[in-house]
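Take a look at the structure below.
It should be emphasised that the depicted structure is a prediction, and the values quoted were computed from it without experimental measurement. To find a chain, count down the sequence lines: A is the first, B the second, and so on, and within it residues start at 1.
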Amino acid sequence: MITAPERTPLARSFFDRPVLEIAPDLLGRVLVRATDDGPIELRLTEVEAYDGANDPGSHSYRGRTDRNAVMFGPPGHTYVYFTYGMWHCLNLVCGPEGKASGVLLRAGEIVVGADLARAHRAASRKDSDLAQGPARLATALSVDRALNGADACSDDGGPFRILTGTPPDRALIRSGPRTGVGGDGAVHPWRYWIADDTTVSPYRAHVPRKRR
DNA sequence: CTCTTGATGCGCT
DNA sequence: GCGCATCAAGAGG
């Protein structure tokens with residue numbers, strides 16, 4: 001069978017590189033989420049890099065725990081965590097193995113299965129809102145912790161695949177501080193997005209929560 | 001459009 | 001206990 005080049009799955013070696021190379025290179029790639037009701041395909045428009053070794057913003061900064069264990073495993077797998085008491089966020093583990101780095105998938109454009117995504121995202125009205133933000137993205141794709149550690153680089157019928165897609169012109173790639181990351185982690189411009197794309201989430205600086 | 005706030009579970013110190 | 005890689009609704013401009 002003939003496979004279009006943009007439909008070629010990314011090899012695991014794609015993720016076995018320094019995370020700061022991988023993160024901008026993920027823009028324009030297509031994440032395929034196979035659900036029981038059918039596929040949902042997401043063109044990535046916004047990501048953030050987390051580098052466990054030197055990065056106080058990373059979940060793996062203080063070493064391995066039960067929660068972040070998959071970040072220390074082989075690249076090309078998912079890392080799903082639960083936050084703010086009600087949301088999930090989806091990351092891709094990057095190599096080299098042992099570095100515990102990863103990329104948070106922050107936003108994208110639903111290119112296939114918008115009806116399925118909308119069913120998961122009852123609050124959304126506009127198509128551009130469906131995956132505009134990390135927890136919205138995970139909700140639209142029906143991702144929770146049951147999918148933590150899934151292999152996204154095998155074609156054995158698992159819940160995820162990642163296709164080559166059509167990366168944007170390098171001139172359209174922007175970078176800046178990561179959303180919601182404070183402290184020493186705020187200095188790194190490790191958020192990457194596609195310029196002028198309506199599915200990119202609005203930037204919010206880190207704000208310590210007030211006591212009540 | 002922007003800004004504020006409540007909702008909520010749990011990992012970590 | 002504190003604080004989080006957040007979202008959605010509501011108020012105000």
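Proximity of W190(A) to V181(A): side-chain heavy atoms (C-beta onward) are nowhere separated by under 4.5 Å.
Of the two residues near DNA chain B, G85(A) and N68(A), the one whose nearest nucleotide lies more 5' is G85(A).
In terms of modelled atom types and a separation under 3.5 Å, the side chain of R178(A) and the main chain of E48(A) share no donor-acceptor contact. The backbone N or O of G149(A) lies less than 3.5 Å from a partner atom in the side chain of T78(A), making a donor-acceptor pair. At least one donor-acceptor pair under 3.5 Å links the side chain of S58(A) to the backbone N or O of S60(A). Formation of a donor-acceptor pair under 3.5 Å by the R121(A) side chain with backbone atoms of A117(A) is not found in this model. Checking side-chain atoms of R33(A) against main-chain N and O of S142(A) turns up a donor-acceptor pair under 3.5 Å.
For DNA chain B, no neighbouring residue in residues 96-117 of chain A is found when judged by any heavy atom under 4.0 Å.
Within the structure, a side-chain polar atom (N or O) of T65(A) is placed less than 4.0 Å from OP1 or OP2 of dC12(B). The phosphate of dT13(B) (OP1 or OP2) has a side-chain N or O of R62(A) nearer than 4.0 angstrom.
In this entry the distance linking CZ of F82(A) with P of dA5(C) reads 14 Å, nearest Å. Look at NE2 on H88(A): it is 12 Å from C1' on dT8(B), rounded to the nearest Å. Rounded to whole Å, the distance from OH on Y61(A) to C1' on dG11(B) is 18 Å. Note: CD (E46(A)) to P (dA5(C)) measures 15 Å, nearest angstrom. Whole-Å rounding puts the W190(A) CH2 to dA5(C) C1' distance at 14 Å. Between the P atom of dG9(B) and the CZ atom of R145(A) lies a distance of 11 Å, rounded to the nearest Å. In this structure, NE2 of H206(A) is placed 10 Å from P of dG3(C), rounded to the nearest angstrom. R64(A) places its CZ atom 16 Å from the P atom of dG11(B), with the value rounded to the nearest Å.
Among the atoms of the strands shown, none is found under 4.0 Å from any heavy atom of D66(A). Contacts of G180(A) with the nucleic acid, taken as non-hydrogen atoms under 4.0 Å apart, involve only primed sugar atoms and P, OP1 or OP2. Residue contacts for H59(A): at a heavy-atom cut-off of 4.0 Å it reaches a base atom on one of the strands shown. Nucleic acid contact class of R67(A) (heavy atoms, under 4.0 Å, all strands): sugar-phosphate only. Using a 4.0 Å heavy-atom cutoff across all strands shown, T139(A) reaches no nucleic acid atom at all.
Sorted by first then second residue, the side chain to side chain donor-acceptor pair (under 3.5 Å) pairs that include residues 149-169 of chain A, not counting sequence neighbours, are R12(A)-D151(A), S154(A)-D156(A). Within the structure, every pair that satisfies the side chain to side chain donor-acceptor pair (under 3.5 Å) test and touches residues 92-120 of chain A, not counting sequence neighbours, is listed here: R43(A)-E109(A), E46(A)-R106(A), R106(A)-S201(A), R118(A)-D127(A). Identified under the salt bridge (Lys or Arg N to Asp or Glu O under 4.0 Å) test for residues 58-67 of chain A, with sequence neighbours left out: none.
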Pairing string of DNA chain C (Watson-Crick or G-U wobble, both atom distances under 3.5 Å; | = paired to other strand) is ||||.|||||||.

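For the 3.5 Å distance criterion, the side chains of T45(A) and T199(A) qualify, holding a donor opposite an acceptor. With hydrogens and angles left out, the side-chain atoms of T35(A) and D37(A) include no donor and acceptor closer than 3.5 Å.
An aromatic stacking contact links Y50(A) with the base of dA5(C), defined here by ring centres under 5.5 Å apart and ring planes under 30° from parallel.
Stacking of R145(A) on the aromatic ring of Y81(A) is not recorded, the 6.0 Å distance cut-off and the 45° axial limit not both being met.
Between H88(A) and F82(A), the ring-plane angle classifies as tilted under the 30° and 60° cut-offs.
Comparing dC4(C), dT8(B), dA5(C) by their nearest atom to the side chain of M86(A) picks out dT8(B).
Within 3.5 Å, no donor on the side chain of Y84(A) pairs with an acceptor on the base of dA7(B), nor the reverse.
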Grab the N/O contacts between the protein and nucleotides 8-10 of chain C below 3.5 Å, and write none if there aren't any.
residue : atom : partner : partner atom : Å
dA8(C)  : OP1  : R121(A) : NH1          : 2.4
dA8(C)  : OP2  : R136(A) : NE           : 2.6
dA8(C)  : OP2  : R136(A) : NH2          : 2.8

